[in-house]
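Everything quoted here is computed from the prediction, not taken from an experiment.
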There are 2 protein chains.
Amino acid sequence: MGEKYYATVAVDVALFVILHKRLHVLLVERGHPPFAGAWALPGGIVEPEEPLVAAARRELAEETGWERVPYIAQLAAFGDPHRDPRGRVISIAYWAMSPRAGEVRGRDDAARARWWPVDALPALAFDHDRILDCAYNRIRNHVAQDYRYLFHLVPAPFTLAELRTALEAVLGRPVNARNLRRFLLAQGWLKHTGVRSSGRGPGRPAQEYVPLPEAIPTSPEDRCLP
Amino acid sequence: MGEKYYATVAVDVALFVILHKRLHVLLVERGHPPFAGAWALPGGIVEPEEPLVAAARRELAEETGWERVPYIAQLAAFGDPHRDPRGRVISIAYWAMSPRAGEVRGRDDAARARWWPVDALPALAFDHDRILDCAYNRIRNHVAQDYRYLFHLVPAPFTLAELRTALEAVLGRPVNARNLRRFLLAQGWLKHTGVRSSGRGPGRPAQEYVPLPEAIPTSPEDRCLP
DNA sequence: GGAATAGTGTCTCTTAGACACTATGTA
DNA sequence: TACATAGTGTCTAAGAGACACTATTCC
């Protein structure tokens, strides 16, 4: 294998959050061609000495202004020969989750960044619709298989109802409250903080919980993926 | 994103088969530096106009002499800045399965290719031990979650005992024959071919089955991954 | 007959689903 | 009080695990 052929290597990131009881993803508006004015996943070129996941984190930080997202994992490589009209670009896609869903500032004042509900997306640049499809599948499957991933989507301390709302947002279907409660409490993942949330509208106040540190899934970064 | 930086893009493939009731993977002996003489996953550079999975298939065909493996899926991208001493090489790894486990011929007479049991591997070139670790995890998780993947590891027609042997090889632990049989027959995945295998040693001959075409998992190639 | 492999009957335990019920807050 | 949300008791059905049993072949 002689280094015969070179391609551009980029990263793109699908960052998911829960907003207004719905699953949202971060998109940025492109300021330059190609696809100027279209919405796209945050991303960019990998630097020569930069690990892939570091590039993903850097691009995310540049778009959000946040220093660190608590969970990020590789999604897949997208390398269709003509996915970028400028030439061959292989994109390593990542997916990430954050319990913070506050203001995001764009890369500069020209570029806008905002949260979009995953079930009402705009048209996307490049093959980002495919990437996002893939990422959405991934987060659903992961969360469905291990509810502990919810701890990265819901800020602690949380009530069991908040966990359920997040789960329903990710799965896109209602979840039986009784069964979820029974399951979560049986796992021993949660520490009960005597505190009760109250004052938020009518209804009985709920108990608040914090996840045990060892129950929080660690970010695989670029380690082995299941 | 101006095309500032270029890297070499390669593919590597972990092809799994069942051999002598054990899970094996295809490795090739490197003929040239770096890592001359060491064993490595089959792989090579992606051509300019070549889709990634096509490159993976091509490299596999060159190493095995087989035209087509029935299942191949993307594993992950490995892009550590110094994983290749010659410079920056991003490798897109694939994993594949085949029910054929016969002779493989090397790329040429100089390069050897052979099957290695996954639980007794030699030292590997580059970061291929990490890739293979990842691939082994992947096949285990996939098969454990959906036994239909076994149809790509066991040549049809097969007996339920053959399926069980393959499953045990992949999972690395014994599986209860009664429960597996009950489960498989309940799924309606199998068509009973009246044929009975016989003449192979002592014991009652077993019924033979063929998987229904719609029960055979299709190769995702580069479509969305779960 | 004995060894080896294929296949069955059936009990238990765990878990998910469903749903009616009670508890405690706000307006 | 009515209403909304939190939380409990409990029946049911499905599936996994275990294990003793029968069936059919080769030697």
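- The distance from atom CD of Glu208(A) to atom P of dA6(D) is 12 Å, rounded to the nearest whole Å.
- For the pair Pro202(B) and Ala177(B), nearest-nucleotide mapping onto DNA chain C gives the more 5' position to Pro202(B).
- A straight line from CG of Leu184(B) to P of dA16(D) spans 10 Å, rounded to a whole angstrom.
- To the nearest 0.5 Å, atom CG of residue Leu41(A) and atom OH of residue Tyr94(A) are 14.5 Å apart.
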Are there any protein N/O atoms within less than 3.5 Å of an N/O atom in nucleotides 21-23 of chain C, and if so, which ones and at what distance?
| unit_1 | atom_1 | unit_2 | atom_2 | d |
| --- | --- | --- | --- | --- |
| dA23(C) | O4' | Arg204(A) | NH1 | 3.4 |
| dA23(C) | N3 | Arg204(A) | NH1 | 3.3 |

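- Contact annotation: the side chain of Leu15(B) approaches that of Trp115(B) to within less than 4.5 Å [non-hydrogen atoms, C-beta and beyond].
- Between Tyr71(A) and His152(A), the ring planes lie tilted relative to each other; the angle falls in the 30° to 60° range.
- Here the options are Ile216(A), Leu212(A), Thr218(A), the test is side-chain contact (heavy atoms from CB on, under 4.5 Å), and the partner is Glu214(A); only Leu212(A) passes.
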Sugar-phosphate means primed atoms, P, OP1 and OP2; the rest is base. With that split, encode nucleotides 11-17 of chain C 5' to 3' as B, S or - using protein heavy atoms under 4.0 Å. -----BB
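- The minimum heavy-atom distance linking Glu162(B) with Pro157(B) is given by the pair OE1-O, 4.2 Å.
- Residue Ala161(B) is in sugar-phosphate contact alone, with no base atom involved, counting any heavy-atom pair closer than 4.0 Å across all strands shown.
- The distance from atom CG of Leu185(B) to atom P of dT8(C) is 8 Å, rounded to the nearest whole Å.
- Residues Leu60(A) and Pro42(A) approach most closely at CD1-CG, 4.1 Å, considering heavy atoms.
- Rounded to whole Å, the distance from CZ on Phe158(B) to P on dA6(C) is 15 Å.
- Along DNA chain C, the nucleotide closest to Arg181(B) and the one closest to Arg178(A) are compared, and the more 5′ of them pairs with Arg181(B).
- Side-chain contact between Gln187(B) and Tyr147(B): absent, with no pair of heavy atoms (C-beta onward) separated by less than 4.5 Å.
- If you measure from atom CG of Leu160(B) to atom C1' of dA23(D), you get 16 Å, rounded to the nearest angstrom.
- Between Arg83(B) and Asp12(B), the closest heavy-atom pair is NH2-OD2, 4.0 Å.
- In this structure, Arg164(B) places its CZ atom 11 Å from P of dG7(C), rounding to the nearest Å.
- Using bins of under 30°, 30° to 60° and over 60° for the plane-to-plane angle, the ring pair Phe16(A)/Tyr136(A) lands in the tilted bin.
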